[in-house]
Every structure is written in C-alpha cells, then in structure tokens.
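Throughout, residue positions are numbered sequentially from 1 according to the sequence presented. In listed order, ligands and their atoms are each counted from 1.
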Amino acid sequence: MSRVTMADVAQRKASGGRLTMLTAYDYPMGKLVDEAGVDLVLVGDSLGMVVLGYDSTTPVTLDEMLHHAKAVRRGVTRALLVGDMPFLSLRSGSDVAVQSAARFVQEAGCDAVKLEWKPGIEDLAKAIIDAGIPVMGHVGLTPQTASSEGGFGIRGKDAASAERILGQALALEEVGCFAMVVECVPDALAREITERLRIPTFGIGSGPGCDGQVLVTYDLIGLFERFRPRFVKRYAEVARVIREAATAYVREVHAGAFPGPEHTVAMAPEELQKLREELGSR
Ligand code: KIV
C-alpha cells in the first residue's frame with residue numbers, strides 16, 4: 001500500500017469516502033495500526049492518561065510527546081503521522097508553538113501536528129502553518145481545558161455553544177488547518193460542522209456524520225481500564241488477555257512448569273563432560 005498523503009485525505013472528503021485515525025504511543029502499536037490500514041496515526045496527548053498514568057493530559061510535556069512520537073515513527077510507514085501539541089507548548093506565545101511543532105516534524109518525523117481549541121489558537125495555528133507545518137484542529141470537548149470548562153461532558157448542546165463551536169472550527173479552517181477533530185458534540189452539530197467545512201472532520205463521541213472517525217486505541221482494544229467513555233466500542237479485551245497470560249506465567253514458574261525442556265538448552269553428555277573438566281581445571 002502506498003503512503004497516505006495530505007492530498008489523499010482532502011480527496012477522500014471530496015469523494016465522500018470515510019477516513020480512519022487511531023492513536024499510538026510506541027513502535028509496536030504504531031506498526032500494528034499502520035498495518036491494519038488506518039489513514040492517520042495520532043500520537044495523542046491521551047498518552048498522559050492511558051500510558052503514563054496521569055489524571056489528565058495537562059502534565060504531559062513536549063519531551064514526553066517527542067520520546068513516544070519517535071518510537072511510533074519507527075513503526076508507521078504508510079499512514080500520515082500526527083503529533084499532538086501538549087498543553088504548555090501552546091501557552092507561551094507563537095515562537096514556542098512554532099518551535100514545538102517544528103520539533104515534532106524534525107526530531108520525531110511527524111507529518112503534521114494537532115492542536116486543541118482555546119481562545120487565540122487561530123494565531124498560533126497560522127504561525128505554525130506559515131512555517132510550513134500542516135495543522136489539524138480539535139474542537140468540541142477539548143481535554144486539555146476540560147476541567148476548567150465543567151468536566152468531560154458533551155459540548156454544544158444549546159444553540160449558543162453549538163454556534164461557538166462551529167465558529168471555532170470555521171476559524172481554524174480559515175487559517176489553513178487541513179482537518180478537524182470534533183469531540184463529544186451532538187450528532188446534528190457534528191453533521192453541520194462537517195457540511196460547512198471544506199476540510200475533513202474526524203468525530204470522536206460525535207456520531208457517524210463526520211468524514212472520519214478517531215478513537216484512542218487503548219480504549220478500542222480494552223487495555224485502558226480506569227474508565228470507559230460511553231462512545232467507545234471495545235473490539236477486544238486485551239487487558240484481560242495480558243492479565244491471564246501473566247497469571248499463568250506466575251503459576252507455572254511457582255510450579256516449576258516453566259521453563260520446560262523446549263525452552264532450555266540441553267548439552268550432549270560428552271559436551272557436558274568436557275565443560276566439567278574445563279571448569280574443574282580452573
Ligand atoms: O489525545 C488524543 O488521543 C486525542 C484524540 C482523542 C482525538 O486528542
């Protein structure tokens with residue numbers, strides 16, 4: 001399969017086809033989701049919660065994001081790779097934002113960056129795009145600021161907030177974003193945003209009306225167990241598989257059943273005798 005390009009992503013919207021994006025945080029997961037055929041792989045700052053064990057995405061640093069993005073890059077050879085700009089990289093002016101985005105591209109080999117809506121973000125997005133780095137926007141529920149905005153519930157349920165979110169998406173499109181994540185808004189609003197934007201939308205918890213869908217892979221495979229968002233469909237129960245495998249290992253080591261002869265290097269009697277003689281002569 002050939003590499004996915006920005007033009008392919010734009011073209012998919014034009015042709016009415018569906019797009020897929022999944023998160024990855026390390027080499028094996030990047031490789032697996034890439035081989036599965038997703039169009040985009042996102043090194044999301046959800047990494048903070050599902051891999052690093054933080055309570056929110058706010059503490060995730062740029063260095064942590066880059067460390068993981070580099071590993072994902074080694075596994076992704078076909079999909080577009082998007083790095084998620086962490087909280088602080090978007091709060092210290094446009095120079096820091098551009099430098100941070102550039103590190104995703106230069107050091108980690110990302111094809112694009114994603115940034116969450118906050119007041120003034122259009123200016124940062126424009127500065128990054130002007131520096132030649134493609135930007136994906138993110139509106140609706142924006143986890144980096146969720147706690148100061150009343151938690152992780154659905155956004156855009158009343159006309160005023162729906163209009164605000166639509167305006168944010170249009171503003172990010174206006175400055176040149178190539179795609180938009182639309183998180184946790186009602187289906188009707190997601191459809192409206194998708195119809196009004198020329199760039200593709202990726203829904204998460206926003207119904208089937210977007211041009212594409214995105215999920216946190218650890219939710220989809222059942223590896224993150226702390227909570228399960230209502231909109232997640234679990235396609236596997238990997239936490240259970242890992243727990244069962246580790247439990248069986250512990251049981252077998254305690255019982256002396258592992259390692260067995262098939263995992264052990266046995267020596268021929270004459271080789272053993274020779275080794276004993278050599279060791280004895282020391
Ligand atoms: O950080 C992340 O994984 C995300 C996706 C949920 C879109 O932003």
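Taking distance alone, with nitrogen or oxygen atoms compared against 3.5 Å, E116 stays at or beyond that limit from ligand 1. Considering both main-chain and side-chain atoms, D84 comes within under 3.5 Å of ligand 1 through a nitrogen or oxygen pair. At least one N or O atom of S46, backbone or side chain, sits closer than 3.5 Å to an N or O atom of ligand 1. For D45, a nitrogen or oxygen atom sits less than 3.5 Å from a nitrogen or oxygen atom of ligand 1, counting backbone and side chain alike.
A heavy-atom separation below 4.0 Å is found between K114 and ligand 1.
Ionic pairing of D130 and K126 is present here: one or more N-O contacts between side-chain nitrogen and carboxylate oxygen are shorter than 4.0 angstrom. Using a 4.0 Å cut-off between charged nitrogen and carboxylate oxygen, E35 and K31 count as a salt-bridge pair. Using a 4.0 Å cut-off between a side-chain N of Lys or Arg and a carboxylate O of Asp or Glu, D34 and R3 do not qualify as a salt bridge.
Annotation: side chain of T57 is in contact with side chain of M49 (closest heavy-atom distance under 4.5 Å).
The nearest heavy-atom contact from the protein to atom 7 (C) of ligand 1 is L42 CD2, 3.8 Å.
Of all atoms in ligand 1, listed by their number and element, those nearer than 4.0 Å to a heavy atom of H138 are 8 (O). The ligand atoms of ligand 1 that sit less than 4.0 angstrom from a heavy atom of I204 are 6 (C). Taking every heavy atom of T23 and a limit of under 4.0 angstrom, the matching atoms of ligand 1 come to 3 (O). If you number the atoms of ligand 1 from 1 as listed, the ones under 4.0 Å from a heavy atom of G44 come out as 1 (O), 2 (C), 3 (O).
The aromatic rings of F258 and H263 lie tilted to each other, with the angle between the two planes from 30° to 60°.
Using modelled atom types, one finds a donor on one side chain and an acceptor on the other under 3.5 Å when comparing S46 with Y25. In this structure, a donor-acceptor pair under 3.5 Å is absent between the side chains of D123 and S94.
Contacts between L215 and ligand 1 below 4.0 angstrom, taking non-hydrogen atoms only, are absent altogether. Proximity of T57 to ligand 1, defined as any heavy-atom pair under 4.0 Å, is not found for any part of the residue.
Distance alone, capped at 3.5 Å, places no donor-acceptor pair between the E173 side chain and the M180 backbone.
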